[in-house]
Structure formats: C-alpha cells, structure tokens
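To start, the structure itself, in structure tokens.
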Amino acid sequence: MTGGRTVGGETLPGAGGEDADAPDRVVCHVDMDCFYASCERLRHDDLDGEPVVVGMGYEPGESIGAVATASYEAREFGVESAMPISEALELLPRRADADPDDPDAPDPAETGRYLPVDLDFYEAVASEVKDVLRDCADTRREVSIDEAYLDVTDRTAWTVAGSGGGDGDDGVDGADPADPPPSGAAGPAEARTLAEGYARHVKERIEREAGVPASVGVAPNMSAAKVASDADKPDGLVVVPPGSVAEFLAPLPTADVHGVGPVTERKLAELGVETAGDLAAADRDRLAEALGERGPELSRRAAGDDDREVTPTGLPKSLSRESALPTTPDEATKRETVSALAADVARRARERGCLYRTIGIKAVEPPYDVNTRAKSLPGPVDDPDLVEEVALDLLAEFDETPVRKLGVRVSKLDFAETDQATLGGFDAGEDAGGGSGDTGDRTRGAGARTTATDGDGGKLTDWVDGEPTAEETDRDATGDDAERRTGDGQASLGDWS
DNA sequence: TCTGGGGTCCTAGGACCC
DNA sequence: TCTGGGGTCCTAGGACCC
C-alpha cells in the first residue's frame, strides 16, 4: 500500500535495482542552523540579527581559541568554523572594541559579538529538540548535539498531496498528518508530497517548541537526506523524492557527498571525477584501486543508492581528552598535562559507569605529526591511577620530543553494569557500603581476578567479551553513577535508550 | 589553511594460534 | 623444518565528521 509514487519520473540506472520490491523509505535529516549561536540568541535578545561567534577555549576579551560556530551574519565576514579566534577577530573585530571616540576603532557595523562555548546550556536546548524528535519519529539516530536522522516511513508517505491550496478531492486518501502549508516548497519535485508536509511539521515544531531554527532534508535514504538538509541552509527544507535522487545529486561537487573530505576530493579530481554525477558514473573498480572499498561505496551513494537503516545511536566506543599547549619538549610540563588529561578521562568514564580495556595517548609534534600509542590490559577496569600510569609510561617514548598537543584516550569500553555479580560469581569488589564511589578503583570481577592471579591474561577475552549484549548495556544511562549530575544522562553523545 | 576538541570507521602489518 | 593457509587480536595511522 505504500506504493510510493515516484515524482521525479525517470528510472535511474542502478538505483532501485534488485530491491525494487522494497518500499521507499522516508528519511529526514534534521540539522540545526549554527546551533551554538542560535542557543545564545535564545537567551540574549540583543544578538538577533548580529554577527555572533562562539569560540571554544575562548575567554572574553582574549584572542585565543577557535571558532566553534559562526552565525550566518558572521560568515558574511569570512569567519568560519575551526578558524582561530585571532584570525576571526581580524575579519570581524569585537563589538566591545568599537569605541565611537576612537577614530582608529572599528566601525560598529563591522563588528561582531564573541562568546565562549557553554555546552551545558546547549545541551539543555538540544534536549528540548530531542523531545520534539521523539514525538515525531520512532526511529531516530542522533549524530551529534545538533543533528539527527529520522525514519518516518510509518508516519507519512511519498504520496503526492493535493496540489491546490484546498483539500483537493484527488485520489489521496487517509488523513494527512500535517497540513501542507502553501508556502515555497523547495526541492526538485513539482508536486508536494505528504512527506514534505510532515517534514515541515517537524521543522516548525522544533522552532516553536525549542526556539531554534533547523534545516531539514527529506529523501528515501540517509545520505541523500543529509545532502538535502545542507542544500538550502539556513532554515531550509529540501525534499528529494524517490526516483529523483541521482538527478538531485549529480550536479553537486564531490565534496558535498558525505564521506568525501579534502583528500578524497583531490584523489577523485585526479581521476577526472569532479561531481557527484561523475562519481556515480565512474568505474567502480578504478575507484576501488584508488580509494579502497570506500570508493565504490561513495559511488553508490552518489548514485542515490544507500540502503543503510536508520539505527539508534549506540554507546560510545571511546572517551578521550586532549589539549593543545605551546610547543615544548619539557618533560615535566608534558607529564603534568598528561596526568591531568588522564584524570579527566578516567573521571568521565566513571561517571558514565563504563570500564575500559585499552589506554592510549596522542602526541602531536610540530608541524602536525600525530603519534598515537596504546596499551591493552588483560581485562576491563575502572582505575584512574592506572590510566595515569599507563599514559605516562607511553609518554616516555616522547620524552625528548617537542609536542604541541597531547591527548589521552580510553577505548574498548565495557558498559556492563558494575553490579553484575552474576557474571563471574564474584562480588565485584568491596564497594558494598561505599556509596558515592570514592573507592580507589573498581574492576569487574573477571578482570580483577585474572589480573591478580595469572600473568598472561591472554584467555581472558574469551569470556569477557561477548557477555554484555546490546540490550543489557542499554541500561547504563539510567542508573548508577549518574547521581547528582541529573539531566546529564545523555550528555554529549546522547543515546536514546 | 601554522590547525581546537571529541568522536567514528577503515586499513595494514605483525604476533600468535591452529 | 624455508613452509601452507586461515582466523583473531593488537597497534598505529589515516581520513572523515561535527
């Protein structure tokens, strides 16, 4: 019954292919417009219409740090994400520096407002956005604080809605979920679909209920929806119906394809592949030679062929912390930095109730040579002292090396509940009466015991792994260590449990 | 492009086991 | 023991994304 009518006509080579029977899905990609800046506007009325720059590592009045988000007004001055604040200030001086009495001071009309990142506040706003999304779609994947995919196939359809303004008595039956407003439809389709109306409904609800603008892309698959949401930012709504995906993508530069970065773009250009259309049509064996398996995959995406399901965001795979420093070979400075980073990573891991089995560092040498070192433990642990010890140990290799940035990471995470006494039949430690987890370290029964008793530890993985299933691990966000840090349950990588 | 911070996934080589 | 292949794990690095 979801016989999704194809609007853009033309059967496309390759697209659809063998799964012609599969019903077309309706995927929305929701992308907040310069999210941090929009959040700041939400609480500072006077920022409306102003160039706004939100800087990370930025302190008011200083010029260190990097641009996290620039409002569209600020982008007009050339300010971009990831740009050093010092550079942004040259393009767009700070409003506070505009002094009417000083002839050398910048013209206020050519200045902007600079604010430091306030992640807690943005997360609070993001959670209101999530509330809307949860309401609008059963299947969601949150990619970052300001971006999500929704599979709304069962909420709407690719059916063409009544083309007039009023309720046309065309063949379309069923209650349309949202009133398709008459205003400017974007997208290659001439006719409006129910899907478009639904997407508009989602977009308007976000703006109304969370107070921040979003751009939305709608398409029969994830990668096309992603490109669509990007195609008319800010405040865009772009609809790409089944059958017109390849046509929509074809003229775009390869860099617009999700997964094509600077390196891949250059390699593709060397092959004479400049547009998504070129990429779709390119010989896939040649792409594989030049780019590995990713090549043919990118080609399929560019052809509108992407059958990935929208799957809920999982638990994180690693936690890390890094920080830049003035380039230095000084051993004490480096060790202090790594110790602090290690403590922070370990604290975050504990807060999230996760154990880790691999500890690693990163040391960046000028000009920008990234070195990583890692060490795996016999079993999963939660042990801040050990994180520091291993990290410092790995750092020793770089004792003589000048570095500009250092990082610490834990990976091979294990979110099994710490009270999982059943696992090994052990009491998982002595923290029975403890309470607020200030015990030095905790180790899951398995790891602790083996670490203590047998040196080679090699077999441990056999039964440490494979034990926690997805369903079991889902529960982590709810209970344990989250304690007082309420509302933070789905901190940055928000998981929809 | 003189590069900030937090992530993901992929690849490739070596060790080790059978 | 110069010798075949397959599988898994670990480490390091690269590319990409927001």
Side-chain angles (χ1 to χ4, degrees), chain A residues 29 31-36 54-58 64-70 78 80-88 91 116-117 119 122 126 141-148 223 226-227 229-230 254-268 288 291-295 297-298 308 313-327 341 344-345 348 357-378 394 397 404-413 456-462 464-466 491-495:
Chain A
H29 182 255
D31 201 342
M32 301 298 143
D33 301 322
C34 52
F35 185 59
Y36 293 180
V54 181
M56 85 182 108
Y58 168 76
I64 51 166
V67 175
T69 301
E80 292 171 8
S81 264
M83 177 179 280
I85 292 288
S86 54
E87 195 181 334
L91 298 164
V117 166
L119 213 48
Y122 310 151
R141 181 184 186 85
E142 222 202 36
V143 183
S144 68
I145 191 170
D146 65 350
E147 204 188 314
S223 54
K226 164 78 182 166
V227 176
S229 74
D230 234 26
T254 55
D256 283 11
V257 177
H258 197 52
V260 177
V263 176
T264 306
E265 183 186 18
R266 180 173 42 72
K267 287 182 183 168
L268 288 172
L291 303 169
E293 266 320 293
R294 252 164 29 89
E297 183 57 33
L298 291 171
R308 288 173 301 158
T313 320
L315 295 163
K317 304 280 197 294
S318 67
L319 296 173
S320 68
R321 192 91 159 76
E322 59 188 65
S323 107
L325 57 167
T327 300
L341 295 170
D344 200 76
V345 168
R348 280 165 56 210
R357 213 163 83 68
T358 298
I359 297 164
I361 63 157
K362 169 161 139 178
V364 181
E365 293 177 56
Y368 205 77
D369 292 331
V370 180
N371 299 281
T372 61
R373 296 294 181 270
K375 182 169 167 45
S376 287
L377 308 166
L394 293 169
E397 183 186 334
R404 65 187 302 164
K405 183 191 270 196
L406 289 165
V408 173
R409 163 188 314 258
V410 294
S411 54
K412 291 212 177 11
L413 303 186
D456 78 27
K459 303 296 180 283
L460 190 62
T461 52
D462 292 337
V464 165
D465 283 351
S492 49
L493 291 132
D495 43 275

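Remember, it's a predicted structure, so these values are computed and weren't measured experimentally. Numbered from 1 within each chain, the chains take letters A, B, ... in sequence-line order. Values below: every heavy atom of this structure, side chains too, minus hydrogens, waters and symmetry copies.
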Determine yes or no for a side-chain-to-main-chain donor-acceptor pair under 3.5 angstrom, with [X] supplying the side chain and [Y] the backbone.
X: R409(A); Y: A374(A); value: no
X: R266(A); Y: G261(A); value: no
X: R357(A); Y: L377(A); value: yes
X: T69(A); Y: V54(A); value: no
X: T313(A); Y: R141(A); value: no

Any base atoms under 4.0 Å from [X], or only sugar-phosphate, or nothing? Heavy atoms, all strands.
X: S81(A); answer: nothing
X: P262(A); answer: sugar-phosphate
X: A324(A); answer: sugar-phosphate
X: E87(A); answer: nothing
X: K226(A); answer: sugar-phosphate
X: G292(A); answer: nothing

May I ask you to evaluate whether [X] reaches the phosphate of [N], defined as a side-chain N or O under 4.0 Å from OP1 or OP2?
X: T264(A); N: dC16(C); value: yes
X: R373(A); N: dG13(C); value: yes
X: T372(A); N: dG13(C); value: yes
X: R348(A); N: dG7(B); value: yes
X: S376(A); N: dT11(C); value: yes
X: R294(A); N: dT11(B); value: no
X: R404(A); N: dT3(B); value: yes
X: T358(A); N: dC10(C); value: no

Of the nucleotides [options], which has the atom closest to the [X] side chain?
X: A374(A); options: dT11(B), dC10(C), dA12(C); result: dA12(C)
X: M56(A); options: dC16(C), dC2(B), dG4(B); result: dG4(B)
X: H258(A); options: dC10(C), dC17(C), dG5(B); result: dC17(C)
X: R321(A); options: dC10(C), dG6(B), dG4(B); result: dG6(B)
X: L319(A); options: dC10(C), dG5(B), dG7(B); result: dG7(B)
X: K405(A); options: dC18(C), dC10(C), dG4(B); result: dG4(B)
X: V263(A); options: dG5(B), dT11(C), dA15(C); result: dA15(C)

Under 4.5 Å between any side-chain heavy atoms of L298(A) and T254(A), yes or no?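 They are not in side-chain contact.
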
Pair assignment for DNA chain C - dot-bracket with | for other-strand partners, Watson-Crick or G-U under 3.5 Å: ....||||||||||||||

Rounded to the nearest 0.5 Å, how far does [atom2] of [Y] lie from [atom1] of [X]?
X: K362(A); Y: K405(A); atom1: NZ; atom2: NZ; value: 5.0 Å
X: D31(A); Y: D146(A); atom1: CG; atom2: CG; value: 6.0 Å
X: E142(A); Y: E147(A); atom1: CD; atom2: CD; value: 9.5 Å

Counterpart residues, ring-ring contact (aromatic ring centres under 6.0 Å, His included), relative to Y36(A) (two or more places apart):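 With neighbours one apart ignored, the set is Y122(A).
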
Whole angstrom is fine here: how far is it from [atom1] in [X] over to [atom2] in [N]?
X: E80(A); N: dG4(B); atom1: CD; atom2: C1'; result: 15 Å
X: I361(A); N: dG5(B); atom1: CD1; atom2: P; result: 16 Å
X: L315(A); N: dG7(B); atom1: CG; atom2: C1'; result: 14 Å
X: R308(A); N: dT8(B); atom1: CZ; atom2: P; result: 16 Å
X: E397(A); N: dA12(C); atom1: CD; atom2: P; result: 8 Å
X: R141(A); N: dC18(C); atom1: CZ; atom2: C1'; result: 14 Å
X: K267(A); N: dC10(B); atom1: NZ; atom2: P; result: 16 Å
X: E147(A); N: dG6(B); atom1: CD; atom2: P; result: 19 Å

Stacking check Y368(A) vs dC2(B) (5.5 Å / 30 deg):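 So no, this residue does not stack on that base, at least one cut-off failing.
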
By nearest heavy atom, map R409(A) and V67(A) onto DNA chain B; which one lands nearer the 5' end?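 Result: V67(A).
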
For G65(A) and K317(A), take the nucleotide of DNA chain B holding the closest heavy atom to each; which residue's nucleotide lies nearer the 5' end?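 First, find each residue's nearest nucleotide; the 5'-ward one identifies G65(A).
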
Considering only the C1' atoms, how many Å lie between dT3(B) and dC16(C), rounded to the nearest integer?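 Result for the C1' pair: 15 Å, nearest Å.
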
